[in-house]
There are 2 protein chains.
Amino acid sequence: MKNEKIDAVVCEEKSATRFSACLLFSANALARAITAIGDEEFGRFGLCYSHAYMLCEVVAQPGITPSELSETLYLTPSTITRLVEKLEQKHYVRRESEGKRTLIYATAEGEAIQPEIAQAWERVGTRYSDAIGKNDVCQLTQQVFKAAKSLGKES
Amino acid sequence: MKNEKIDAVVCEEKSATRFSACLLFSANALARAITAIGDEEFGRFGLCYSHAYMLCEVVAQPGITPSELSETLYLTPSTITRLVEKLEQKHYVRRESEGKRTLIYATAEGEAIQPEIAQAWERVGTRYSDAIGKNDVCQLTQQVFKAAKSLGKES
DNA sequence: TACCGATAGTTGTATGTGCAAACAAAAATA
DNA sequence: TATTTTTGTTTGCACATACAACTATCGGTA
């Protein structure tokens, strides 16, 4: 019984499943695993990884708009709005309305925690490099990003 | 101004960003993009991709327990409980208590939609293969899964 | 037999994310 | 100039997921 049939075809090692051959499955599993690390590190100062990334971008590009952030971060505009709200609550950014656009600026406080973010970022990198292997990481990242970009256009 | 300094180092093509070199970022971007496709296809009959996967597993392994599903699907037990609840609402599975364990079985209805799930699964595969390239997909999937597994052990 | 730690599962709560709809402002067209 | 369309942003709602705390059961030990 059980799943002999499918497993016989798909599996080679014991931990593989009928799902491991599916990119939809694997990509989500990877994202969850690595996000756990990211949120653990960035969480030390009360941010999740996407907040940290967004804040970096705002610091680098003062007056950036939500739609620009949306493109850079590969997130929908509504998600950007929510993230900005959170960062605003924490006084890391402020918003300025300019016509139909919204300009986002980092506060002094937001700029001040940049070093901490950079450190956390590095720790995250170290941790997943250690787990996955430094050489593989670089290639994997490139391929993953390329795939994400291709799929972004698909729909 | 802007971000010349960093971009000069990191970017080669215009769409790359300081983030694209980060696996945490890229993996999440990929997961979101591919999940959008998955949910679109599986959503045609009211499921999201994780429901569909779980149902497959339950059909293949009648009487499977939440903790087994948790390992197979790389999801936390609490998430499994929530997914099972959803599938139960839709009358695709039923639960049986056996001591401290819970056994999950597919209903006739649940087994009946298996063909539809298989079709949707195939459509998803076709769509991302078309976007990414058939050859790349296979290798990418393996690497992504391997990385996810390594990271799963890390924490 | 009676207790205690370990294990399995569920629930409360919180959060990131997205879709669809609403809204506001700009641009295009008549 | 007036009207329509398009664009940018925000909100209402829904959902997958996780953590922490809680409950229930099992297994071992005194």
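Each chain gets a letter, A, B and so on, in the order its sequence line appears, and its residues count up from 1.
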Polar side-chain atom of B/Arg94 near backbone of B/Glu88 as donor-acceptor pair, under 3.5 Å
no

A/Phe25 CZ to D/dA16 C1': how many Å, rounded?
15 Å

Looking only at side-chain N and O atoms, does B/Ser67 come under 4.0 Å of OP1 or OP2 in C/dT7?
no

Whole-Å distance, B/Arg95 CZ to C/dA8 P, equals 17 Å

Can you say whether the rings of A/Phe25 and B/Phe145 are parallel (under 30°), tilted (30 to 60°) or perpendicular (over 60°)?
tilted

Answer yes when A/Glu41 and A/Arg127 have at least one side-chain N-carboxylate O distance shorter than 4.0 Å, and no when they do not.
yes

Does B/Arg32 have a side-chain nitrogen or oxygen under 4.0 Å from the phosphate oxygens OP1 or OP2 of C/dT17?
yes

Rounded to whole Å, the CG-C1' distance (A/Leu87 to C/dG16) equals 13 Å

Just wondering, are more than 12 heavy atoms of other shown residues or ligands nearer than 6.0 Å to CD in B/Glu122?
no

Heavy-atom contacts under 4.0 Å between residues 96-106 of chain B and DNA chain C, which residues?
B/Lys100, B/Arg101, B/Thr102

Side-chain N or O of A/His51 closer than 4.0 Å to phosphate OP1/OP2 of C/dT15
no

Atom CG of A/Leu83 and atom C1' of C/dT15 are separated, to the nearest Å, by 11 Å

Between C1' on C/dC19 and CD1 on B/Ile37, what's the gap in Å once rounded to a whole number?
17 Å

Value in whole Å for how far the C1' atom of D/dA16 lies from CG of A/Asn28:
10 Å

B/Thr79 side-chain N/O to D/dA18 phosphate OP1/OP2 under 4.0 Å:
yes

What is the distance, to the nearest angstrom, from the OH atom on B/Tyr49 to the P atom on D/dC15?
16 Å

May I ask you to check whether B/Thr76 and B/Thr79 show a side-chain donor-acceptor distance below 3.5 Å?
yes

Tell me yes or no: between the side chains of B/Tyr49 and A/Asn28, is some donor less than 3.5 Å from an acceptor?
yes

Whole angstrom is fine here: how far is it from CG in A/Asp39 over to P in C/dT15?
12 Å

Nucleotide nearest B/Thr65 when distance is taken to its side chain, options C/dG9, D/dG8, C/dG16:
C/dG9

Are B/Gln89 and B/Glu85 linked by a side-chain donor-acceptor pair shorter than 3.5 Å?
no

